[in-house]
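Take a look at the structure set out below.
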Amino acid sequence: MTHTPPDPAQLAAHAAQVRRYALTAIYGAGSGHPGGALSAADLLTCLYRSELRLDPTNPAWPDRDRFVLSKGHSCPALYGALADAGLLDRALVPTLRKLGSPLQGHPYASQLPWIEASTGSLGQGFSQAIGMALGLRHAGSPARVYVMLGDGELQEGEIWEGAMCAAHWRLASLCAIVDYNKLQSDDAPANIMGLEPLAGKWEAFGWNAIPIDGHDIPAILAAFAAARACTDRPSVIIADTVKGQGVSFMAGAPHWHGSVRMKDEELVAALIELGADEDEISWALAPAGREASHVGH
Amino acid sequence: MSVTKRIQASGAEPLVPQQIGSSGDSLREAFGRALVAVAAEDPRIVVLDADIAGGTGMHHFRRAFPDRFYQFGIAEQNMMAVAGGMAATGLVPVVTTFAVFCYRAIEQARLSIAYDRRNVKIVASHPGLDTGPDGASAQALEDLAGFRAIPGMTVVSPADPVEAALAAKAIFDVDGPVYLRTGRSPARRVFGEGHSFAIGRGQILRDGRDVTLVACGVEVARALDAAALLAKKGIAARVVNMPTLKPIDAELLARCARETGCIVTCEDHNIHGGLGGAVAEALATSVPVPVEFVGVRDCFGESGEPEELAEKYGLTGPHIADAAERALARKAA
């Protein structure tokens, strides 16, 4: 989106904003998955603030780059990234999961501009992204397609059907990103259904695998550049991340991995750590219009 | 007007259903050939295949439009969701495989296609006992029920090769997802070339005032057999072709229920959730009359020739005629 070289320090500040929006949304909803939203925040910020070619005034531009959140349960961070990038009215952030809100509990494309695919059933966003890349290539469009996968999601057979397919069709315009935060719903993937050797699996399937630290912003930008430079096969960025990253008491703490109801003092402590000012904290606790809204329980 | 009369009026060949095999044409073949002509006029149409184009009739399309033919290998779940993504870029994907494998990917059809009303046509060959010798694993008897339950999904089951060819054009008039059954086996011709077909419309093929036989797919020819058998007993059966299960032609059904007082549904599918379910749902809230269901009675099929299976599992004309007599008895009671 930006046409000047991205400044990592600025991107880090935006990533903190994305995290604050994500937690505000989950707090307002009374349920949601903070851990996986926080682990994905730096990657999403780099996408929407630097990597994706978008026209903010025209979400229907045929040649726009597409992003699909295949790990749909992390959508609070996606909504946060859209709000941070000016693509979503921030007033909608606290309406997550409320009756009548376009911010559904998992992404719903028909109700919200910039949501390219409806997801929430793991594996399907990946295939839809492959379909978009095929369709765009069929039309001769230069647009690229990005899709974020969860690590637990890689246990779905559809992922490996898609991995074979994208390599077979040499979809170099496709870039997958694995948010490898090493915790799924019940336990670590290593204890549920092991994924390693993960980069080796993707390589064996014919992909250009790029392992990085998923919280190192210069490394993320470099990985996107490397993916763009690879023109004969699809790329996968395997982003080593931490669930709950950015909030000291959430990082690596099992309680915050699943769907939770956040207490007021927990939200405030997290927002302060993430650099919120007084105004934002008051808004997050009682956003304008929430009381008047008919949405919610 | 009877089918025979209508076809004669249109100058086409007489329309007594021909014996199986005599036309040499299956619905999959007819659909596959017709699709080529439709796609020649609409460059948005692409075909997605899971290593079975020769079986689904899509080899015609592959030959005509190699650049619009996408191969996904034996991986139907990915293929189905890919279709949703392709449709999001403006293409009109036709996803093709056997009906059981469409059913295998039904959750992909639900989320990646139907939820956002993606303009995808799911074309399923090898439905029902008509699949024959491959046996139960390949004989989809649940697909109509499953796809019918997906919000916004149009569900179509043409009766013969003529109707399948017409449907190959008509499904593209629907701006949204469609599930269409073709058929594996050489099918009996029900219609002449003057036949017309519109999504959502049923047709009276033979008139009668005692009972209405509502059929789809290969059962339409068998319902006409049943009507002929019933006529010998002095029972005037009306035969309705109902190629669209959803949205169903509720108006025609209500009219038939009012005018004949009882209904028999006929389908090569489980009696639960398919045409019988759709008809019963429609009539329960309009003109509730006795309904009898001809179909596979909640069991799996087995290997055999289609006609042998139809006989064993109760789908042939005599079985339909028996059901009609049961319906008549209930009407009289």
Side-chain angles (χ1 to χ4, degrees), chain A residues 59-68 70 72 104 106-112 115-141 143-147 156-169 171 173-174 205, chain B residues 39 42-51 61 65-95 97 101 104-122 150-152 175-177:
Chain A
W61 178 38
D63 288 335
R64 71 191 182 280
D65 287 348
R66 270 70 166 176
F67 172 73
V68 173
S70 197
Q104 290 290 292
H106 292 82
Y108 182 25
S110 293
Q111 277 191 3
L112 194 60
I115 300 297
E116 301 286 357
S118 296
T119 57
S121 175
L122 296 175
Q124 295 198 35
F126 185 47
S127 299
Q128 289 187 62
I130 292 167
M132 288 174 195
L134 281 169
L136 290 164
R137 186 166 77 181
H138 193 95
S141 168
R144 290 176 60 76
V145 180
Y146 298 81
V147 55
E156 287 283 3
E158 183 176 351
I159 291 294
W160 302 102
E161 293 183 0
M164 268 195 278
C165 167
H168 177 83
W169 286 100
L171 281 176
S173 61
L174 181 69
F205 274 73
Chain B
D42 187 347
R44 300 172 307 157
I45 296 174
V46 293
V47 164
L48 284 61
D49 170 48
D51 188 32
F61 187 97
F65 307 107
D67 297 340
R68 292 158 63 180
F69 179 85
Y70 284 91
Q71 179 59 258
F72 291 89
I74 305 168
E76 294 82 9
Q77 295 158 85
N78 178 60
M79 174 173 71
M80 192 69 81
V82 162
M86 289 176 106
T89 69
L91 293 174
V92 183
V94 178
V95 192
T97 182
F101 306 134
R104 177 192 188 116
I106 194 167
E107 206 241 333
Q108 280 76 12
R110 173 184 182 270
L111 181 73
S112 294
I113 295 175
Y115 189 33
D116 286 305
R117 207 171 163 72
R118 301 284 192 221
N119 195 12
V120 174
K121 314 306 169 192
I122 302 164
I150 296 176
D175 182 19

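Below, chains carry the letters A, B, ... as their sequence lines are ordered, and counting in each starts from 1.
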How long is the span from the [atom1] atom in [X] to the [atom2] atom in [Y], to the nearest 0.5 Å?
X: A:D63; Y: B:T89; atom1: CG; atom2: OG1; result: 11.0 Å
X: A:S118; Y: B:Y115; atom1: OG; atom2: OH; result: 5.5 Å
X: A:S110; Y: B:D116; atom1: OG; atom2: CG; result: 3.5 Å

Given heavy-atom pairs under 4.5 angstrom as the criterion, report whether the side chain, backbone, both or neither of [X] touches chain B.
X: A:E116; value: backbone
X: A:W160; value: neither
X: A:T119; value: backbone
X: A:A129; value: neither

If you count every heavy atom of other residues, nucleotides or ligands that lies below 6.0 Å from B:R110 atom CZ, does the total exceed 12?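 Atom CZ in B:R110 is not packed in, count stays at 12 or less.
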
Would one find more than 12 heavy atoms of other residues, nucleotides or ligands at under 6.0 Å from atom CZ of B:R104?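 Check fails, neighbour count at 12 or below.
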
With a 4.5 angstrom heavy-atom cut-off, which part of B:R117 approaches chain A: side chain, backbone, both or neither?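 Neither part; nothing is under 4.5 Å.
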
Between B:L111 and chain A, which part of the residue has a heavy atom less than 4.5 Å away: side chain, backbone, both or neither?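 Its backbone and side chain both get close to chain A.
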
Residues two or more places apart in sequence or in another chain: which of them pass ring-ring contact (aromatic ring centres under 6.0 Å, His included) with B:F69?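 Per chain and number, B:F69 pairs via ring-ring contact (aromatic ring centres under 6.0 Å, His included) with no residue.
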
Shortest non-hydrogen contact from B:M86 to A:G131?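 So the minimum-distance heavy-atom pair works out to CG-O, 3.2 Å.
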
Can you list the steps and then say if B:Y70 with A:H138 is a ring pair (Phe, Tyr, Trp, His ring centres under 6.0 Å)? CA-CA 11 Å; B:Y70 284 91; A:H138 193 95; 5.7 Å; yes

Heavy-atom pairs under 4.5 Å with chain B - which of A:S121, A:G157, A:C165 has more of them than the others?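 Looking at each of A:S121, A:G157, A:C165 in turn, A:S121 comes out on top.
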
Side-chain donor-acceptor pairs of residues 73-85 of chain B under 3.5 Å, sequence neighbours excluded:
from, atom 1, to, atom 2, distance (Å)
B:N78, OD1, A:S127, OG, 2.7

Side-chain donor/acceptor of A:Q124 to backbone N/O of B:E107, under 3.5 Å: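 Checking the backbone N and O of B:E107 against the side chain of A:Q124, a donor-acceptor pair under 3.5 Å is found.
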
